[in-house]
**Q** 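First the structure, then my questions, so here it is.
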Amino acid sequence: MIAAIAMVGVTVAGFSVQLALGRSSFEAPPLVHAHAVVFMGWLVIFLLQNILIATGQVRLHRPLGWIAAAWMVPMLVLGWLVTENMIRQGNAPFFFKPLQFLVFDPVSLITFVGLTIAAIGFRRSTAWHQRLHYCAMAILLGPGIGRLMPLPLLMPWAWEATFVATLIFPLIGVVADLLRNGRVHPAWGWGIAAMMAMFLAVQAITYSPVGTTLYEAVTAGSPGASVDPLAFPAPPGPPPGAVPAA
């Protein structure tokens, strides 16, 4: 329960800070709003599921779990569409390489879905079910955690640093197991291994001909086609009306 609150809190805090600083607004296109509603909806489901278990409401937990399973479909679709749209417009965040950004978003989502499906498969084994869900949720923390980190200062390793930050939550689970039980449940090993495999897959695709071919296919006929896929974009200029330094 505490872990669920912490995970949701980190994500909400990350997006709220950016909104408060004026780096994001509600004037985004409808596609981005749809993406936000669906992904924030998952946070609500995740937290509610933990509340239901903590309060012994198993009869409500189970049907909501099947709703959650179906909820992952629009998450996959909208996650890809938003990423593709940003890449085609040449609007990848300047602290990420465009090709890396194109690859790590969908690969992260696919890994999240895979771990969540595994957790559903182990729903009759509480220890496996909880820990696999926990690792899957840790993957989704990247955007929230990243917005709390000084990513421009972490270039050229901004994405790698964000990934390491998401590993903190499963590692906390490992430590908790050791303190509570004197041993580590094998589900942590599988969950962390899946996260590491995701990281290696992103790196392998990004720096291979497969990644280049994917980038060319996605950006064909768009402004993004003229962007170097493996070069960091230029940082944004000063906001309108800013007074230049003397």
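Residues: numbered from 1 along the sequence shown.
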**Q** Rounded to the nearest 0.5 Å, how far apart are CG of Leu102 and CG of Leu214?
**A**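 So the gap between those two atoms works out to 4.5 Å.
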
**Q** Given the rule in the side-chain contact (heavy atoms from CB on, under 4.5 Å) test, do Glu160 and Gln100 qualify, once you have shown the distances and angles that lead to the verdict?
**A** CA-CA 11 Å; Glu160 290 81 359; Gln100 189 178 48; 3.3 Å; yes

**Q** I'd like to know whether Leu64 forms a side-chain contact (heavy atoms from CB on, under 4.5 Å) with Gln49, so could you lay out the CA-CA distance, the side-chain angles of the two residues, the decisive distance to 0.1 Å, and finally the verdict.
**A** CA-CA 7 Å; Leu64 183 57; Gln49 285 289 70; 3.2 Å; yes

**Q** Out of curiosity, Ile51 CD1 to Thr55 OG1, how far, rounded to the nearest 0.5 Å?
**A**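 Rounded to the nearest 0.5 Å, the CD1-OG1 separation comes to 7.5 Å.
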
**Q** Where do Ala136 and Thr116 come nearest, in terms of heavy atoms and distance?
**A**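 Distance-wise, the nearest heavy atoms are CB-OG1, 3.4 Å.
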
**Q** Between the side chains of Lys97 and Asp228, is the shortest nitrogen-to-carboxylate-oxygen separation below 4.0 Å, so that they form an ion pair?
**A** no

**Q** Under 3.5 Å, is there a donor-acceptor pair between the side chain of Asn91 and the main chain of Ile87?
**A**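 Side chain of Asn91 to backbone of Ile87, a donor-acceptor pair under 3.5 Å: no, none is there.
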
**Q** Going hydrophobic residue to hydrophobic residue with side-chain gaps under 4.5 angstrom, can you get from Leu153 over to Phe94?
**A** no

**Q** Of all the heavy-atom pairs spanning Ala69 and Ile120, show the shortest one and how long it is.
**A**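 The pair with the smallest heavy-atom distance is CB-CD1, 3.8 Å.
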
**Q** Within a strict 4.5 Å, meaning less than it, do heavy atoms of the Leu171 and Ile192 side chains meet?
**A**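 The answer is yes; the side chains approach within 4.5 Å.
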
**Q** Could you report the tightest heavy-atom contact between Cys135 and Met195, atom names first, then the distance?
**A**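 It is O-SD, 4.1 Å.
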
**Q** Could you check whether any side-chain heavy atom of Thr166 comes within less than 4.5 Å of a side-chain heavy atom of Ile139, counting everything from C-beta outward?
**A**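 No; the side chains remain at least 4.5 Å from each other.
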
**Q** Between Leu154 and Ala161, what is the shortest heavy-atom contact and its length?
**A** CD1-CB, 3.8 Å

**Q** Can you confirm whether Asp177 sits close enough to Val174 that some side-chain heavy atom of one is under 4.5 Å from a side-chain heavy atom of the other?
**A**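 With C-beta onward as the side chain, the pair stays apart.
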
**Q** Might you point out which heavy atoms bring Ala92 and Pro98 nearest each other, and give the distance in Å?
**A**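 Nearest pair, atom of Ala92 first, then Pro98: CB-CA, 4.0 Å.
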
**Q** Within this structure, what is the NE2-CD1 distance for the pair His61 and Ile53, rounded to the nearest 0.5 Å?
**A** 4.0 Å

**Q** Calculate, to the nearest 0.5 Å, the distance between atoms CZ and CE belonging to Phe169 and Met7 respectively.
**A**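 Result: 6.0 Å between the selected atoms.
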
**Q** Would one find more than 12 heavy atoms of other residues, nucleotides or ligands at under 6.0 Å from atom CZ of Arg180?
**A**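 Yes, because the 6.0 Å sphere around CZ of Arg180 holds more than 12 heavy atoms from other groups.
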
**Q** If you count the non-hydrogen atoms of other residues, nucleotides and ligands that lie under 6.0 Å from CG in Leu200, is the total more than 12?
**A** yes

**Q** Answer yes or no: is there a side-chain heavy-atom contact under 4.5 Å between Met86 and Pro93?
**A**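 Contact flag for Met86/Pro93 side chains = yes.
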
**Q** To the nearest 0.5 Å, what is the distance between CZ (Arg147) and CD1 (Ile145)?
**A**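 With rounding to 0.5 Å, CZ (Arg147) is 12.0 Å from CD1 (Ile145).
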
**Q** What do the steps show when you test Leu52 against Val58 for side-chain contact (heavy atoms from CB on, under 4.5 Å), and what is the final call?
**A** CA-CA 7 Å; Leu52 291 174; Val58 178; over 6 Å; no

**Q** Look at the aromatic rings of Phe96 and Phe104 and report parallel, tilted or perpendicular, splitting at 30° and 60°.
**A** perpendicular

**Q** Compare all side-chain heavy atoms of Leu115 with those of Met137 and state whether any distance is below 4.5 angstrom.
**A**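 No; the side chains remain at least 4.5 Å from each other.
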
**Q** Look at the side-chain heavy atoms of Ile, Leu, Val, Met, Phe, Trp and Tyr, link any pair under 4.5 Å apart, and say whether Val37 and Met40 land in one connected group.
**A** no

**Q** Val227 versus Tyr215: any side-chain heavy-atom pair under 4.5 Å?
**A**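 The answer is yes, as the side chains (C-beta and beyond) meet within the 4.5 Å cut-off.
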
**Q** Would a hydrophobic clustering, with Ile, Leu, Val, Met, Phe, Trp and Tyr connected at side-chain separations under 4.5 Å, put Leu43 with Ile67?
**A**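 In one cluster with Leu43: Ile67, yes.
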
**Q** Name the orientation class of the two ring planes belonging to Phe163 and Phe199 (parallel below 30°, tilted from 30 to 60°, perpendicular beyond 60°).
**A** parallel

**Q** Treat each ILVMFWY residue as a node, draw an edge where side-chain heavy atoms are under 4.5 Å apart, and state whether Trp159 and Val164 are in one component.
**A** no

**Q** Of the non-hydrogen atoms in Thr212 and Leu99, which two are nearest, and what is the gap between them?
**A**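 Heavy-atom minimum between the residues: N-CD2, 4.0 Å.
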
**Q** Set out, in order, the CA-CA distance, both residues' side-chain angles and the distance that settles side-chain contact (heavy atoms from CB on, under 4.5 Å) for Met198 and Ser108, then state yes or no.
**A** CA-CA 7 Å; Met198 173 196 79; Ser108 297; 3.7 Å; yes

**Q** Going only through I, L, V, M, F, W and Y residues with side-chain contacts under 4.5 Å, is there a path from Val73 to Trp71?
**A** no

**Q** If you draw a 6.0 Å radius around CH2 in Trp190, do more than 12 non-hydrogen atoms from other residues or ligands fall strictly inside?
**A** no

**Q** Give every residue pair that meets the ring-ring contact (aromatic ring centres under 6.0 Å, His included) criterion with at least one member in residues 129-149, sequence neighbours excluded.
**A**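 Output for this query lists His129-His133, Tyr134-Trp188.
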
**Q** Could you check whether any side-chain N or O of Ser125 sits under 3.5 Å from a backbone N or O of Phe122, counting only pairs where one atom can act as donor and the other as acceptor?
**A**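 Judged by distance alone, no pair lies under 3.5 Å.
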
**Q** I need the single residue from Asp105, Leu109, Val103, Leu78 that forms a side chain to side chain contact (heavy atoms under 4.5 Å, CB included) with Thr83. Which is it?
**A** Asp105

**Q** Tell me whether the count of non-hydrogen atoms from other residues, nucleotides or ligands lying under 6.0 Å of CZ in Arg62 goes above 12.
**A**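 Result for CZ/Arg62: open.
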
**Q** How long is the straight-line distance from CG of Leu140 back to OG1 of Thr111, given to the nearest 0.5 Å?
**A**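 Atom-to-atom, Thr111:OG1 and Leu140:CG are 10.5 Å apart.
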
**Q** So do the side chains of Pro186 and Trp128 get within less than 4.5 Å of each other, counting heavy atoms only?
**A**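 Contact flag for Pro186/Trp128 side chains = yes.
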
**Q** Taking side chain as C-beta onward, heavy atoms only, is Asn85 less than 4.5 Å from Arg88?
**A** no

**Q** Kindly indicate, with the supporting measurements, whether the criterion ring pair (Phe, Tyr, Trp, His ring centres under 6.0 Å) is fulfilled by Trp42 and Phe112.
**A** CA-CA 12 Å; Trp42 179 267; Phe112 155 75; 5.2 Å; yes

**Q** Share the residues that join Leu179 in a hydrophobic cluster, the rule being Ile, Leu, Val, Met, Phe, Trp or Tyr side chains under 4.5 Å apart at the heavy-atom level.
**A** Val175

